[in-house]
Amino acid sequence: MKVMVVEDDPFVREMAAAGLEDAGFEVVEADSGDGALRLLQTGLAVDALLTDIRLPGANGWAVARAYRERFPDLPVLYVTGYAEQMQPVPGGIIISKPYRMAQVIGVLATWVA
């Protein structure tokens, strides 16, 4: 399963990518919402999206909507450290920061099964 990780904090992004790779997932990383949208425009296909909500450029809500336009059934997992107006795509799951990788991997595993 290929997972797109969109996170502007390098430490958090590297931690998430390493945890997912250790669990057997293939990971593609973007450090901003705009970066994730550029990857989508290149034709990159992913099996799941893990995105922060507050990002430079396009926010996580916009990133998820764009990926869902191309991949209507794409599983989306949002992570956020802020209480804000929630706008998840249908079926999207929101996890609060700080989160445990076991929690993220558990959600992704249910989507693979």
Closest non-hydrogen contact found for A23 with I105 is CB-CD1, 3.6 Å
Looking only at heavy atoms, which two atoms of V6 and A36 are closest? And how far apart?
CG2-CB, 3.7 Å
Look at the side chain of R13 and the backbone N and O of D31, then say whether any donor-acceptor pair between them is shorter than 3.5 Å.
no
So how far is it from K97 NZ to D9 CG, rounded to the nearest 0.5 Å?
6.5 Å
Closest non-hydrogen atom pair between D47 and P75, with its separation:
O-CD, 3.1 Å
Does the pair E7/R54 count as a salt bridge with the N-to-O cut at 4.0 Å?
no
What verdict does the side chain to side chain contact (heavy atoms under 4.5 Å, CB included) test give for I94 and M86, after you've listed the backbone C-alpha separation in whole Å, the side-chain angles of each residue and the deciding distance to 0.1 Å?
CA-CA 9 Å; I94 300 170; M86 300 298 173; 3.5 Å; yes
Can you confirm whether V79 sits close enough to I53 that some side-chain heavy atom of one is under 4.5 Å from a side-chain heavy atom of the other?
no
Under the criterion side chain to side chain contact (heavy atoms under 4.5 Å, CB included), I'd like the reasoning laid out for Y99 against V104: C-alpha separation, chi angles, the key distance, then a yes or no.
CA-CA 8 Å; Y99 58 88; V104 170; 3.4 Å; yes
Start with the C-alpha distance between V28 and L44, add both sets of side-chain angles, then the distance that settles side chain to side chain contact (heavy atoms under 4.5 Å, CB included), and finish with yes or no.
CA-CA 9 Å; V28 178; L44 175 72; 3.7 Å; yes
For the residue pair L20 and M101, establish whether any side-chain heavy-atom pair is separated by less than 4.5 Å.
yes
Checking L77, V63, V5 against L49 for side chain to side chain contact (heavy atoms under 4.5 Å, CB included), the one that qualifies is V63
Can a donor-acceptor pair be found, under 3.5 Å and without considering hydrogens, that links the side chain of D52 to the backbone of L55?
no
Between A30 and G35, what is the shortest heavy-atom contact and its length?
CB-C, 4.1 Å
Taking all non-hydrogen atoms of both residues, which atom of V3 and which atom of F25 are closest, and how far apart?
CG2-CD2, 3.9 Å
Output for pair (E29 CD, E14 CD), nearest 0.5 Å, gives 7.0 Å
Closest non-hydrogen atom pair between L40 and F71, with its separation
CD1-CE1, 3.9 Å
Measuring from R38:CZ to S32:OG, what's the distance to the nearest 0.5 Å?
5.5 Å
Q87 meets the side-chain contact (heavy atoms from CB on, under 4.5 Å) criterion, sequence neighbours left out, with W61, R65, Q85
ring-ring contact (aromatic ring centres under 6.0 Å, His included) partners of Y67, counting only residues at least two apart
none
Side chain to side chain contact (heavy atoms under 4.5 Å, CB included) between L50 and M4: does it pass, once the steps are laid out?
CA-CA 6 Å; L50 170 66; M4 164 69 73; over 6 Å; no
